[in-house]
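Only one structure is covered here, and it is reproduced in the block below.
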Amino acid sequence: MAAILRCGARALDLATPRVMGILNVTADSFSDGGRFLDEARAVAHGVALAADGADLVDVGGESTRPGAEPVPLEVELGRVMPVLRALVREGVAVSVDTMKPEVMRRALAEGCAMVNDVNGFRAEGAVEAVAGADAGLCVMHMKGTPATMQANPAYEDVVAEVRDYLAGRARALEAAGVAPDRIALDPGFGFGKDFAHNAALLSHLGRLAALGYPVVAGLSRKRMIGEITGRPVGERAAGSVAAALLAVQNGARIVRVHDVRETVDALKVLQALAAPAGGGQGEQRR
Ligand code: HH2
């Protein structure tokens, strides 16, 4: 697997797991909707996430929560671009979370380090919008659209289906000239998946990692965490940290989270203390 993910001028060294902090500049995101519509607050939060240890800050202007309606291009640009510009100016590595080729193009022109597309660069013109740049590309699997995706999703074999889809999208990007070390893959927890689908994907992240691209996992504060813990969205930090650790242990190299500081600490503990396969204890006894 590529030991680095190229993200524009930066290279993310994936020898250690990396953290992508979430910054939703939306009215209706399921967790932080409405909190960061104000530009100054959004920028301050993005800077804080980076200071807390986020390797990337993922700025989104369109909610993709189940049932969310699409946002017009001008609205999304108006939300995302000023925040993105200000964060780039502050030296923050910014990822843009969008399905729209025009937003991708404009964000790349402003120096964003990654484009994160929950739609897997399937929109007309999306591949072309990103191919010639050098930013990292996060390709996510989604079944259906945010408006409809949770209406009874069904798979024969969810892991194989998601893996084959992601492999196909990576091939399409590479065919358009994208270098493999710019590509990361994400199974899209909660995007057209019920609890059992999410659980199967989480325990088989290794099968996705076997494709040879770094795997991104986004479980933070999602319904699955609520179903397990019985907690409302604002009280899912501990459950989300546990899920992030599990994702990394199972093969993810980047986790997309709201609670950056807590996740960074937990990953440091995991890195320092998790027994390396077949030898950690022997080392300590000496
Ligand atoms: N999840 C969300 C949005 N973007 N991108 C990737 N790569 N992976 C994910 O799992 C993912 C994502 C949904 O979470 P959030 O951004 O917190 O909420 P909303 O879509 O309501 O803004």
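Residue numbers run from 1 in the order of the sequence given. Just so it is clear, the values below take in all heavy atoms, side chains as well, and ignore hydrogens, waters and symmetry mates.
- Side-chain contact check for Leu73 versus Val103: some heavy-atom pair is nearer than 4.5 Å.
- With hydrogens and angles disregarded, a donor-acceptor distance shorter than 3.5 Å links the side chain of Arg169 to the backbone of Phe121.
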Between Arg79 and Val71, is the side-chain contact (heavy atoms from CB on, under 4.5 Å) condition met? List the steps.
CA-CA 11 Å; Arg79 290 173 175 177; Val71 164; 3.9 Å; yes
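- Results of the side-chain hydrogen bond (donor to acceptor under 3.5 Å, both in side chains) test with Tyr165 over His141, Lys143, Arg122 single out Arg122 as the only residue that passes.
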Show the numbers, then the answer: is there a salt bridge (Lys or Arg N to Asp or Glu O under 4.0 Å) between Arg105 and Glu102?
CA-CA 5 Å; Arg105 248 189 302 275; Glu102 186 58 20; 3.3 Å; yes
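- The two residues Pro187 and Leu205 make their nearest non-hydrogen contact at CG-CD2, 3.9 Å.
- A side-chain donor-acceptor contact under 3.5 Å links Asp186 to the backbone of Gly188.
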Checking side-chain contact (heavy atoms from CB on, under 4.5 Å) for the pair Val255/Arg18: CA distance, chi angles, key distance, verdict?
CA-CA 6 Å; Val255 287; Arg18 298 291 166 181; over 6 Å; no
If you apply the rule salt bridge (Lys or Arg N to Asp or Glu O under 4.0 Å), what do you find for Arg221 with Asp32, and how did you get there?
CA-CA 10 Å; Arg221 300 188 189 173; Asp32 52 0; over 6 Å; no
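- Counting only distance, with no hydrogens or angles, the side chain of Lys193 and the backbone of Phe191 share a donor-acceptor pair below 3.5 Å.
- Using a 4.5 Å heavy-atom cutoff, the side chains of Lys222 and Phe30 are in contact.
- Surrounding CZ of Arg231 are at most 12 heavy atoms belonging to other residues, nucleotides or ligands under 6.0 Å away.
- Crowding of Asp157 atom CG: a count of heavy atoms from other residues, nucleotides or ligands under 6.0 Å exceeding 12.
- Looking at heavy atoms from C-beta onward, Ile228 lies in side-chain contact with Phe195 at the 4.5 angstrom threshold.
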Could you walk me through whether Thr16 and Lys268 satisfy the side-chain contact (heavy atoms from CB on, under 4.5 Å) test, starting with their C-alpha distance in whole Å, then the side-chain angles of each, then the deciding distance to 0.1 Å, before giving a yes or no?
CA-CA 9 Å; Thr16 40; Lys268 281 183 182 163; over 6 Å; no
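- A donor-acceptor pair under 3.5 Å is formed between the side chain of Ser203 and the backbone N or O of Ala199.
- Looking at Lys100 and Glu62, a side-chain N of the basic residue comes within less than 4.0 Å of a carboxylate O on the acidic one, giving a salt bridge.
- Asp259 contributes no side-chain N or O that, together with a main-chain N or O of Glu262, makes up a donor-acceptor pair within less than 3.5 Å.
- Between the Asn116 side chain and the Val96 main chain, no donor and acceptor come within less than 3.5 Å of each other.
- The side-chain heavy atoms of Val139 and Asp117, taken from C-beta on, include no pair separated by under 4.5 Å.
- Hydrophobic cluster membership differs between Leu201 and Met140, with clusters built from Ile, Leu, Val, Met, Phe, Trp and Tyr side chains linked at under 4.5 angstrom.
- Other residues, nucleotides and ligands place more than 12 heavy atoms under 6.0 Å from the CZ atom of Arg65.
- Although no hydrogens or angles enter the test, the distance criterion places no donor-acceptor pair under 3.5 Å between the side chain of Ser29 and the main chain of Asn24.
- Val127 and Ala172 make their closest contact through CG1-O, 4.3 Å (heavy atoms, listed as atom of the first residue, atom of the second, distance).
- Using a 4.5 Å cut-off on side-chain heavy atoms (C-beta onward), Val257 and Ser240 make no contact.
- Between Thr263 and the options Val241, Leu245, Asp52, a side-chain contact (heavy atoms from CB on, under 4.5 Å) holds for only Val241.
- Atom-to-atom distance recorded for Asp55:CG and Ile254:CD1 is 8.0 Å, nearest 0.5 angstrom.
- The main-chain N or O of Asp194 is found under 3.5 Å from a side-chain atom of His197 such that the two form a donor-acceptor pair.
- Taken to the nearest 0.5 Å, the CG atom of Leu56 stands 6.0 Å off from the OG atom of Ser95.
- Side-chain heavy atoms closer than 4.5 Å link hydrophobic residues (I, L, V, M, F, W, Y) into clusters, and following such links, even through other members, never connects Met142 to Leu211.
- In this structure, the side chains of Met104 and Thr98 come closer than 4.5 Å at one or more pairs of heavy atoms.
- To the nearest 0.5 Å, the span separating NE2 on His45 from CG on Leu87 amounts to 10.5 Å.
- Atom OH of Tyr213 sits about 11.5 Å away from atom CG of Leu137, to the nearest 0.5 Å.
- When every heavy atom of Gly61 is checked against every heavy atom of Val80, the shortest pair comes out as N-CG2, 3.4 Å.
- Note on Glu174 versus Arg171: no salt bridge recorded, every NZ/NE/NH1/NH2 to OD/OE distance being 4.0 Å or above.
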Evaluate side-chain contact (heavy atoms from CB on, under 4.5 Å) for Val216 paired with Leu185, printing each intermediate quantity in order.
CA-CA 6 Å; Val216 179; Leu185 305 179; over 6 Å; no
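- The line from CG of Asp97 to SG of Cys112 is 11.0 Å long, rounded to the nearest 0.5 Å.
- Two residues are said to be in side-chain contact when any heavy atoms from C-beta on lie closer than 4.5 Å; Pro66 and Thr148 fail this criterion.
- Under 4.0 Å is where a charged nitrogen must lie from a carboxylate oxygen, and between Arg106 and Glu110 no such pair does.
- Residues Ala3 and Asp13 approach most closely at O-OD1, 3.6 Å, considering heavy atoms.
- By the 4.5 Å heavy-atom criterion applied to side chains, Phe189 and Leu202 are counted as neighbours.
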Could you walk me through whether Asp58 and Arg256 pass salt bridge (Lys or Arg N to Asp or Glu O under 4.0 Å), step by step?
CA-CA 8 Å; Asp58 192 35; Arg256 183 180 179 278; 2.8 Å; yes
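- Atom CD1 of Ile225 is separated from atom CZ of Arg236 by 8.0 Å, given to the nearest 0.5 angstrom.
- Taking every heavy atom of both residues into account, Ala42 and Val83 meet most closely at CB-CG2, 3.9 Å.
- The 12-atom threshold is exceeded at CZ of Arg6, counting heavy atoms of other residues, nucleotides or ligands nearer than 6.0 Å.
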